[in-house]
Amino acid sequence: ALEGLMKVFTFIFLIFFGQPVRSAQNAEAEHHCQSFLTNEATAPIYDKAIRDLEVDKTAEKWCRLVLEDYGLPLNIKGVVLEGLVHLMMAHTSLGLEDRKEDAYDLHQQLVMNFPDSARFLYRAASYASDVMGKPQEALVALKARMTDLREETDTEKQEVKLCQGLLEHLQTIEDSNEEL
């Protein structure tokens with residue numbers, strides 16, 4: 001499944017970054033960010049990629065510069081944000097605790113930019129609850145966004161069910177805490 005996701009990730013980058021550069025100012029950043037996020041040796045979404053923190057740091061700067069492009073299409077913004085989320089989570093798994101907050105912020109940006117995406121909401125709420133220890137924030141976010149979620153495909157319907165399950169789980173925990 002991860003290899004399939006990697007292929008989709010690469011395909012999206014090739015389609016959108018393969019177009020003429022939108023901004024001469026960010027052309028170099030786009031090139032470096034795309035190369036980093038689509039190369040199996042460096043892509044944080046690819047399990048077999050070995051993390052080189054210096055390479056990651058440089059690539060992160062390039063990708064963040066891409067995100068500053070005023071005319072950046074939303075779909076590319078989503079791919080770059082998601083790539084950075086995976087990078088922060090990879091760093092967190094290496095014991096770099098300061099990256100947890102960065103991953104949390106990037107998850108929130110994905111939800112804010114894609115309010116109808118159950119996938120991003122589920123991942124953000126799970127991360128908030130499980131990693132950041134903020135189940136109340138996750139519960140509030142789920143309650144606020146559930147009616148906004150897109151359910152056009154079978155995958156989206158499954159993702160909405162995941163959100164609903166997490167919402168119910170967090171609500172049960174909150175209810176049991178209130179009883180104490």
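Applying the disulfide bond (SG atoms under 2.5 Å apart) rule to pairs touching residues 113-159 yields nothing, sequence neighbours excluded. Pairs of residues two or more places apart, or lying in two chains, never qualify as ring pair (Phe, Tyr, Trp, His ring centres under 6.0 Å) while including a residue from residues 133-160. Among residue pairs with one or both ends in residues 131-172, none qualify as ring pair (Phe, Tyr, Trp, His ring centres under 6.0 Å); sequence neighbours excluded. Within the structure, the disulfide bond (SG atoms under 2.5 Å apart) test picks out the following pairs touching residues 53-145 (sequence neighbours left out): C33-C63.
In this structure, the separation between CD on E174 and CG on L167 is 10.0 Å, given to the nearest 0.5 Å. From T38, atom OG1 reaches atom CD1 of I45 across 11.5 Å, with rounding to the nearest 0.5 Å. One finds the CG atom of L81 at 11.0 Å from the CE atom of M88 (value rounded to the nearest 0.5 Å).
Inter-residue side-chain proximity for L53 and L96 is flagged as met; some heavy-atom pair is nearer than 4.5 Å. Residues L149 and S117 form no side-chain contact, since every pair of their non-hydrogen atoms from C-beta on lies 4.5 Å or further apart. At a threshold of 4.5 Å between non-hydrogen side-chain atoms, the residues P44 and L37 count as touching. Under the 4.5 Å side-chain criterion, counting only non-hydrogen atoms from C-beta, E151 is not in contact with Q158. With contacts defined as side-chain heavy-atom distances shorter than 4.5 Å, the pair H107/R123 qualifies. In this structure the side chain of S93 never reaches within 4.5 angstrom of the side chain of M89, judged on heavy atoms. When side chains are defined from C-beta on, C163 does not count as touching L166, because their heavy atoms never get closer than 4.5 Å. Looking at R51 and L87, their side chains come closer than 4.5 Å, going by heavy atoms from C-beta outward.
S126 places a side-chain N or O within donor-acceptor distance of the main-chain N or O of Y122, the cut-off being under 3.5 Å.
The two residues I173 and S176 come nearest to each other via the heavy atoms O-OG, 2.8 Å.
Partners of E97 according to the side chain to side chain donor-acceptor pair (under 3.5 Å) rule, which considers only residues two or more places apart in sequence or in another chain, are K100. With sequence neighbours left out, the side-chain contact (heavy atoms from CB on, under 4.5 Å) criterion links L74 to K77, N113, F114. Remark: E137 pairs with Y104, Q108, K134 by the side-chain contact (heavy atoms from CB on, under 4.5 Å) rule, at least two apart or across chains. Not a single side chain to side chain donor-acceptor pair (under 3.5 Å) links E159 to another residue, sequence neighbours left out. Residues meeting the side chain to side chain donor-acceptor pair (under 3.5 Å) test with Y127, sequence neighbours left out: none. For D130, there are no side chain to side chain donor-acceptor pair (under 3.5 Å) partners two or more places apart in sequence or in a different chain. Residues forming a salt bridge (charged side-chain N to carboxylate O under 4.0 Å, His left out) with E101 (at least two apart in sequence, or on another chain): none.
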**Residue pair E28, W62: steps toward the side chain to side chain contact (heavy atoms under 4.5 Å, CB included) verdict** = CA-CA 8 Å; E28 185 177 11; W62 288 120; 3.5 Å; yes

**Message:** The test is side chain to side chain contact (heavy atoms under 4.5 Å, CB included); show your working for Y46 and H86 and say whether it passes.
**Reply:** CA-CA 9 Å; Y46 192 69; H86 284 281; over 6 Å; no

**Message:** Before you tell me yes or no, could you show the steps for K161 and E168 under salt bridge (charged side-chain N to carboxylate O under 4.0 Å, His left out), namely the whole-Å CA-CA distance, both residues' side-chain angles and the distance that decides it to 0.1 Å?
**Reply:** CA-CA 10 Å; K161 285 181 183 178; E168 291 168 5; over 6 Å; no

**Prompt:** Stepwise, does the side chain to side chain contact (heavy atoms under 4.5 Å, CB included) test hold for V55 with F36?
**Reply:** CA-CA 9 Å; V55 169; F36 176 76; 4.3 Å; yes

Could you list the donor-acceptor pairs under 3.5 angstrom formed by side chains in residues 138-147, with sequence neighbours left out?
| from | atom 1 | to | atom 2 | distance (Å) |
| --- | --- | --- | --- | --- |
| K143 | NZ | Q171 | OE1 | 2.9 |

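Under the 4.0 Å criterion applied to side-chain N and carboxylate O atoms, E156 and R150 are assigned as salt-bridge partners. Checked for salt-bridge contact, E68 and R64 miss the test: no charged N lies under 4.0 Å from a carboxylate O.
Taking hydrophobic clusters as Ile, Leu, Val, Met, Phe, Trp and Tyr residues chained together by side-chain heavy-atom distances below 4.5 Å, L94 does not share a cluster with L106. Cluster annotation: L110 and V131 are assigned to the same hydrophobic cluster (Ile/Leu/Val/Met/Phe/Trp/Tyr, side-chain heavy-atom contacts under 4.5 Å, transitive).
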